[in-house]
Number of protein chains: 2
Amino acid sequence: MEMTERKQKILAAVVESYIRTGEPVGSKNLLNELDISVSSATIRNEMADLAEMGYLEQPHTSAGRVPTTLGYRYYIDKLMNRLEPSEADRKSIEKSVAAGRGDPEQLLEKAGEVIAKLTGCAAVSTMPTGDKATVRRAEIVPVGSRTAMIVLLTSAGTLKSKACRSDMPITPHTVERFYNVCSSQFIGKPLEEIGTVMLQTLVASLGEHALEMSPFFVTLADLANDALSSDVLLEGQSNLFNHRELGNNVIELMEFLRKGDPIAKLMSGVKDIDIKIGSENEYKQLANSSVIISHYDVNGSRSGALGIIGPTRLNYAKLIPYMQFVSSLVGNMLSETIED
Amino acid sequence: MEMTERKQKILAAVVESYIRTGEPVGSKNLLNELDISVSSATIRNEMADLAEMGYLEQPHTSAGRVPTTLGYRYYIDKLMNRLEPSEADRKSIEKSVAAGRGDPEQLLEKAGEVIAKLTGCAAVSTMPTGDKATVRRAEIVPVGSRTAMIVLLTSAGTLKSKACRSDMPITPHTVERFYNVCSSQFIGKPLEEIGTVMLQTLVASLGEHALEMSPFFVTLADLANDALSSDVLLEGQSNLFNHRELGNNVIELMEFLRKGDPIAKLMSGVKDIDIKIGSENEYKQLANSSVIISHYDVNGSRSGALGIIGPTRLNYAKLIPYMQFVSSLVGNMLSETIED
DNA sequence: GTTAGCACTCTTATTTATCGAGTGCTAAAA
DNA sequence: TTTTAGCACTCGATAAATAAGAGTGCTAAC
């Protein structure tokens, strides 16, 4: 069965009506908002065809039709008219995001907040990562006779710290040795190279000081690892409660959002914008949700992303341009902050 | 009406039964688990008295009785038999918490996790604060021509950082000036003294460099402020969904937990252990919840707290000793980590 | 190809009936 | 004076019956 122009019009109308109301849409109601003048029976026939083609489905025999994943996909790829953010909206977004200017984490937090508020969805964002970031600075600060804070700063501007315990007392010599090893072995090195292999050879080379020093370098390697795996920020997760169609899945969905790892993976794509509808998601917790992820560039290279998560009936026509706008805005502002 | 010994027995049995089952408890059911041999009619009379005295109430005319806030309070203060954690439980808690040994944040996270898991409640914890903490170290790290990270480390081992933008290019002189001012004005100073007043006089004294340098010191003051207001960690909030009696309040309860400020205030008390039942809470979002907060000491002085939040029908006899055990454990481990 | 008409399906809401746990009261027993 | 058996009554919870309504698919005529 081929896709006629009329079928397209009807499909678009069904999708848009369902997105707006959340109710399965029947042939009669469709008549009102469709400019083609045919009877409801004709619409019914067409809708039956669209159902057979896999674009629509019925919750139950005597209900209206609801778009399937395929239906949404077709709508987004072929039928949708992008609705660019209004001048007023753009201004207001810019103002909110600019409030976080200066500090990347704060900036992304603000961006997440404004997205969550504007879209009524949960917003996620990842901090800018420099894949090829290097160690810029490593510090050791004793805070007790056997405890010290280890601090790592990367060339991408990420700062990580962790306290660390040694079995032996920390002396000024310990500190000196730490800095010596750091400046010869760590400073300027790409984070990725600081792995267990490197550590082993390093510790071996420490000789009699191995026992004393190794905890600090292990911690430093931990930090390097942390700095590589991008942090995920989450905002407005309670917005999800307002979407009834998520039903009891909200709970496991929130549980899923709380652990950042899968989200980080989800957001590590490279396409400008990535839209996953319901079953298109690889994680089963997202099976009833849609995800729109828009990546931002910092200084010309792919760096992080902003995303929203909500029910499948998102207002794609509006939200896709929104996300693109916000992410490019964030990219620009971050580029200002983190110069090369 | 005076409180007889039999009334006490009955009240305790009602509270315990309700805590166990969550169902309003009737006179007949009470007979089984009460060792006094009287008829259900007698129990009924006594329960009516207890209701009149304000310790029990009925959800509706023909239902069993449920403890009131007053009832719980009386039970906890006068009737409850503490149930100390078993040897096995203590071991398992120690093991979990010890996994975070070394880093205070990680340690409290682990403690929160184990508490949440063991109690089925949401767990909150505050990081150790040193009220009289001083500035131990302040660093400036340029990350762009006009941007720098400012890093603050306190004597209590807290580390805070924030990026900061200046209107003028950052030169080696900028950095040098920063360190000069820091070592003369900030290092060793109590965090509390770094307020707007101090900043104003400082900026005034900078003379021609005021424009160049002030953003950095403003940021530094921000960080000092941050370091003073204790961070709140939250674990297991999704446990709250399992308690049906919280009903739709779960959502606003979670919303409430997410913003840390009120929680921080809630946990800033000084008593060893603090139990607030339902309406005893000053925040209306907690009106249907109970809170058990147990403070821990680091090196002999009050420093932070661990708490659980759940429905009013908590197993107080078990959880109060649990929280005391965990918080004292955490205090000891932190004392090891953060020595004076 | 399109449409009016109609019987049919299935959900949702509303009403009605039934059940049972638990109470309070009374009057007798201890 | 306290305790107890007995009983009528209340009221929520559950289930069954009923009604309303939206929407469909099919048929036959246009």
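A, B, ... follow the sequence lines: proteins, then strands. Residue 1 opens every chain.
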**Request:** Could you work out which one of C:dT23, C:dC10, D:dT4 sits closest to the side chain of B:Arg65?
**Result:** C:dT23
**Message:** For the backbone of A:Gly278 and the side chain of A:Asn281, can you confirm whether one donor and one acceptor N or O come within less than 3.5 Å of each other?
**Reply:** yes
**Proximal nucleotide (of D:dC11, C:dG22, C:dA4) relative to the B:Asn29 side chain** = C:dG22
**Complete:** From CD of A:Glu5 across to P of C:dG1 the rounded distance in Å is 17 Å
**Prompt:** Within this structure, what is the CD1-to-P distance between B:Ile36 and D:dT2, rounded to whole angstrom?
**Reply:** 16 Å
**Item:** Residue mapping more 5' on DNA chain D - nearest nucleotide basis, A:Lys28 or B:Ser37
**Value:** B:Ser37
**Complete:** Against the side chain of A:Asn45, the closest entry in D:dC11, C:dT3, C:dC10 is C:dT3
**Request:** Would you classify B:Ser40 as touching base, sugar-phosphate or nothing, given that sugar-phosphate means primed atoms plus P, OP1 and OP2, and contacts are heavy atoms under 4.0 Å?
**Result:** nothing
**Item:** Length of the line joining A:Glu23:CD and C:dT11:P, which is rounded to integer Å
**Value:** 15 Å
**Item:** Nearest listed nucleotide, side chain of B:Ala48, among C:dG24, C:dT23, D:dT24
**Value:** C:dG24
**Asked** Closest to the B:Ser62 side chain: C:dT23, D:dT10, C:dC10?
**Response** D:dT10
**Request:** To the nearest Å, give me how far apart CE (B:Met47) and C1' (D:dT3) are.
**Result:** 17 Å
**Message:** I'd like to know whether the aromatic ring centres of A:Tyr75 and A:Tyr316 sit less than 6.0 Å apart in this structure.
**Reply:** no
**Asked** Is any N or O donor-acceptor pair between the side chain of A:Arg44 and the base of C:dG5 shorter than 3.5 Å?
**Response** yes
**Message:** Within this structure, what is the SG-CG distance for the pair B:Cys121 and B:Leu240, rounded to the nearest 0.5 Å?
**Reply:** 7.5 Å
**Request:** Identify which nucleotide among C:dT3, D:dT4, C:dG24 has an atom closest to any side-chain atom of A:Ser39, counting heavy atoms from C-beta outward.
**Result:** C:dT3
**Request:** Round to a whole Å and report the spacing from CD1 of A:Ile43 to C1' of C:dA4.
**Result:** 15 Å
**Request:** Could you tell me the separation between the CG atom of A:Leu31 and the C1' atom of C:dA4, rounded to a whole number of Å?
**Result:** 13 Å
**Request:** Could you tell me whether the side chains of B:Ser40 and B:Ser27 share a donor-acceptor contact shorter than 3.5 Å?
**Result:** no
**Prompt:** OG1/A:Thr119 to CD1/A:Ile292 distance, rounded to the nearest 0.5 angstrom?
**Reply:** 8.5 Å
**Prompt:** Rounded to the nearest Å, what distance is computed from the CZ atom of residue A:Arg244 to the P atom of nucleotide C:dT12?
**Reply:** 11 Å
**Message:** Tell me whether the side-chain N/O atoms of A:Thr42 come closer than 4.0 Å to OP1 or OP2 in C:dT2.
**Reply:** no
**Prompt:** Once you round it to whole Å, what is the distance between P of D:dG25 and NE2 of A:His60?
**Reply:** 12 Å
**Message:** Could you check whether the side chain of B:Thr61 and the base of D:dT10 have a donor-acceptor pair of N or O atoms closer than 3.5 Å, going by distance alone?
**Reply:** no
**Item:** Selection from C:dT2, D:dG25, C:dA4 that lies nearest to any side-chain heavy atom of A:Ala41
**Value:** C:dA4
